[in-house]
2 protein chains.
Amino acid sequence: MNTLAEENYLKSIYHLSLNAENVSTNQLAAFINTKASSVTDMLKKLADKGLINYTPYQGVTLSKAGEKIAVNIIRKHRLWEYFLVEKLDFKWDEVHEMAEEMEHISSNELIDRLDKFMGYPKHDPHGDPIPDCNGLFKIHNLKPVSAIGVHEGGVICGVRDHSPAFLQYLEKQSLIIGKKITVKEINEFDRSVILQTAGKELQISREVANNLLIAL
Amino acid sequence: MNTLAEENYLKSIYHLSLNAENVSTNQLAAFINTKASSVTDMLKKLADKGLINYTPYQGVTLSKAGEKIAVNIIRKHRLWEYFLVEKLDFKWDEVHEMAEEMEHISSNELIDRLDKFMGYPKHDPHGDPIPDCNGLFKIHNLKPVSAIGVHEGGVICGVRDHSPAFLQYLEKQSLIIGKKITVKEINEFDRSVILQTAGKELQISREVANNLLIAL
DNA sequence: AAATAAATTTAGACAAGTCTAAATTTATTA
DNA sequence: TAATAAATTTAGACTTGTCTAAATTTATTT
Ligand SMILES: [Mn+2]
Ligand SMILES: [Mn+2]
Ligand SMILES: [Mn+2]
Ligand SMILES: [Mn+2]
């Protein structure tokens with residue numbers, strides 16, 4: 001099997017691949033919080049194992065085999081997050097770090113039974129889709145609030161920033177998954193957004209609007 | 001915090017300490033499945049950290065700090081085993097290896113909530129006591145079936161051998177936790193034991209009798 | 001097209017944990 | 001008690017994953 005470090009690299013390459021065709025050494029180094037030279041070493045190792053496509057100086061993509069492993073780890077991560085929130089009553093800003101450890105528990109039988117135990121949830125506490133036991137899931141097509149115009153709106157279905165600080169802020173504003181919102185006004189000066197939600201009206205910064213995802 | 005290897009050594013020293021005042025280097029090496037020289041290296045490290053009392057050539061005991069860590073890992077191990085059997089429907093012979101990984105998930109908040117979620121169970125699937133969040137538990141005073149005489153009996157409350165093969169055998173014979181048994185006869189030749197259980201009678205080898213624990 | 005800057009890789013080192021082989025200490029036996 | 005055996009430790013090496021500093025490659029500017 002693969003080491004914990006290998007799994008973390010594969011998962012990171014997967015996440016970074018969503019925003020860039022080829023993932024660069026420096027991107028990975030920043031994301032994983034390590035040095036570029038360490039990344040190079042690991043990329044060689046993963047390439048030897050056939051888990052990535054690596055051409056020196058040109059960045060990497062996941063191979064089919066590598067992607068399968070990455071998706072499986074993401075499946076585990078999201079199922080454990082769901083478990084922590086739904087069964088153990090943690091808040092959505094408290095579970096990520098624990099799931100970072102739990103995603104490396106190796107047994108697939110375990111994770112499949114956990115999935116069944118919870119009724120095959122489709123989304124984790126942050127709105128991210130949970131791959132099924134075959135690695136299949138719908139990449140939902142969400143837009144940041146900052147990308148829609150006045151009088152448009154939708155349902156909050158995800159977040160881009162998963163930091164506890166951001167999640168706590170959203171919770172305090174009742175901007176939680178499933179909430180219906182409409183853009184009422186966009187401030188010309190700082191592009192902050194005034195939202196209309198059930199009952200009340202509230203203002204969010206451009207920064208927040210960029211990181212809050214809705215389905216139209 | 002402590003590394004995975006350190007945690008495994010502390011746990012092993014704890015288990016071996018139950019049968020011997022001082023735990024020897026070779027005992028540990030055999031138990032952990034490593035070489036004596038590796039054990040020596042780790043013992044120095046644990047002694048430097050103040051987690052064990054180590055005098056070269058004389059074996060080790062856990063310090064108060066080391067024991068606390070060991071008991072906490074055992075608590076996690078047993079709670080996860082209970083979870084796997086009671087919530088995810090694994091059989092008692094299937095859970096040990098998974099729990100060996102899960103016991104290293106670091107969060108104590110997580111394990112305390114898991115404990116609460118399951119209703120604060122007192123014993124794991126193999127009958128072993130689960131330490132509470134303060135590390136307290138009753139070491140129950142069990143006897144192997146091989147240690148009692150004819151016409152004596154009790155309730156099955158634990159096993160000495162935790163191997164899948166042994167556990168599967170017991171299950172097949174319906175010799176499970178909570179079962180009431182009485183010794184009906186002891187074969188003089190091979191010291192095998194004939195048991196009377198609810199309804200039927202069955203014979204077990206000396207080997208099995210040695211590893212099956214009962215409360216009188 | 002040079003020159004410079006940025007990105008990436010290579011070289012050499014280090015810590016953790018393990019191993020084999022050799023040296024040392026403790027226990028056992030004659 | 002001296003010799004031998006068993007247990008333990010030390011010495012030196014190896015792997016994984018990391019780091020810093022130097023070398024190399026690619027990209028960007030003049
Ligand atoms: Mn997460
Ligand atoms: Mn999540
Ligand atoms: Mn176990
Ligand atoms: Mn157990």
Side-chain angles (χ1 to χ4, degrees), chain A residues 1-17 19-62 66 69-70 73 100-101 103-106, chain B residues 1-14 16-17 19-62 66 69-70 73 100-101 103-104 106:
Chain A
M1 261 300 93
N2 307 292
T3 66
L4 188 142
E6 288 169 350
E7 290 189 345
N8 282 334
Y9 272 87
L10 292 173
K11 186 182 54 152
S12 301
I13 294 167
Y14 181 92
H15 284 310
L16 293 171
S17 291
N19 301 311
E21 190 54 43
N22 270 39
V23 178
S24 77
T25 302
N26 270 358
Q27 266 182 295
L28 264 170
F31 193 77
I32 288 176
N33 235 298
T34 187
K35 296 299 150 83
S37 55
S38 306
V39 173
T40 302
D41 288 343
M42 182 58 90
L43 293 183
K44 284 180 193 161
K45 199 173 150 198
L46 293 173
D48 284 348
K49 282 192 161 196
L51 300 176
I52 60 172
N53 308 114
Y54 172 52
T55 319
Y57 297 100
Q58 302 308 136
V60 289
T61 59
L62 289 175
I69 293 168
I73 293 164
E100 286 288 302
E101 290 183 55
E103 70 191 6
H104 301 289
I105 302 295
S106 58
Chain B
M1 258 303 94
N2 307 292
T3 67
L4 188 143
E6 288 169 351
E7 290 188 346
N8 281 334
Y9 272 88
L10 292 173
K11 186 182 55 152
S12 301
I13 294 168
Y14 181 92
L16 292 171
S17 291
N19 301 311
E21 191 54 43
N22 270 40
V23 178
S24 76
T25 301
N26 270 359
Q27 263 183 297
L28 263 170
F31 193 78
I32 287 176
N33 236 299
T34 185
K35 295 300 150 81
S37 55
S38 306
V39 173
T40 302
D41 288 343
M42 182 57 91
L43 294 183
K44 284 180 193 162
K45 200 173 150 197
L46 293 173
D48 283 348
K49 283 191 159 196
L51 301 176
I52 59 171
N53 308 113
Y54 172 52
T55 318
Y57 296 101
Q58 302 308 135
V60 288
T61 59
L62 289 176
I69 294 167
I73 294 164
E100 287 288 302
E101 290 184 56
E103 70 191 7
H104 301 289
S106 58

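Protein chains get the first letters and strands the later ones, always in sequence-line order, with residue 1 at the start of each.
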Subject >> pair V39(A)-Y9(A): side-chain heavy atoms closer than 4.5 Å >> reply: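 V39(A) vs Y9(A): side chains touch.
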
**OP:** Any strand is fair game: report the nucleotide pairing with dA23(D) by Watson-Crick or G-U wobble, both distances under 3.5 Å, or none.
**Re:** dT8(C)

Subject >> Residue T3(A), side-chain heavy atoms: nucleotide from dT16(D), dT18(C), dC19(D) that is nearest >> reply: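 Between dT16(D), dT18(C), dC19(D), the one nearest the side chain of T3(A) would be dT16(D).
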
Quick one: [X] [atom1] to [N] [atom2], roughly how many Å, whole number?
| X | N | atom1 | atom2 | result |
| --- | --- | --- | --- | --- |
| L28(B) | dT18(C) | CG | C1' | 15 Å |
| M42(A) | dT15(D) | CE | C1' | 12 Å |
| E6(A) | dT18(D) | CD | P | 10 Å |
| N22(B) | dA27(C) | CG | P | 12 Å |
| L4(B) | dT18(C) | CG | C1' | 14 Å |

Kindly list each side-chain donor-acceptor pair under 3.5 angstrom involving residues 52-62 of chain B, sequence neighbours excluded, with atom names and distances?
{"residue": "N53(B)", "atom": "OD1", "partner": "T61(B)", "partner atom": "OG1", "Å": "3.0"}

Subject >> side chain to side chain contact (heavy atoms under 4.5 Å, CB included) partners for A20(B), two or more places apart >> reply: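 If we apply the side chain to side chain contact (heavy atoms under 4.5 Å, CB included) test to A20(B), skipping adjacent residues, the hits are Q27(B).
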
Original post:
salt bridge (Lys or Arg N to Asp or Glu O under 4.0 Å) with K49(A): which residues, sequence neighbours excluded?
Top reply: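 Testing K49(A) for salt bridge (Lys or Arg N to Asp or Glu O under 4.0 Å), a comparison that skips the adjacent residues, returns E6(A).
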
Original post:
Among all residues two or more places apart in sequence or in another chain, which pass the salt bridge (Lys or Arg N to Asp or Glu O under 4.0 Å) test with E7(A)?
Top reply: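 Listed in chain order: nothing, the list is empty.
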
**OP:** State which residues pass side-chain hydrogen bond (donor to acceptor under 3.5 Å, both in side chains) with S106(B); sequence neighbours excluded, sorted by chain then number.
**Re:** E101(A)

Can you give me the N/O atom pairs linking the protein to nucleotides 4-10 of chain D at distances under 3.5 Å, or say none if there are none?
{"residue": "dT8(D)", "atom": "OP2", "partner": "N26(B)", "partner atom": "N", "Å": "2.9"}
{"residue": "dT8(D)", "atom": "OP2", "partner": "N26(B)", "partner atom": "ND2", "Å": "3.4"}
{"residue": "dT8(D)", "atom": "O3'", "partner": "Y57(B)", "partner atom": "N", "Å": "3.4"}
{"residue": "dT9(D)", "atom": "OP1", "partner": "Y54(B)", "partner atom": "OH", "Å": "2.3"}
{"residue": "dT9(D)", "atom": "OP1", "partner": "Y57(B)", "partner atom": "N", "Å": "2.9"}
{"residue": "dT9(D)", "atom": "OP2", "partner": "T25(B)", "partner atom": "OG1", "Å": "2.8"}
{"residue": "dT9(D)", "atom": "OP2", "partner": "T40(B)", "partner atom": "OG1", "Å": "2.8"}
{"residue": "dT10(D)", "atom": "OP2", "partner": "K44(B)", "partner atom": "NZ", "Å": "2.7"}

Subject >> dT18(C) OP1/OP2 closer than 4.0 Å to side-chain N/O of Y9(B) >> reply: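 Looking at the OP1 and OP2 atoms of dT18(C), one of them is under 4.0 Å from a side-chain N or O of Y9(B).
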
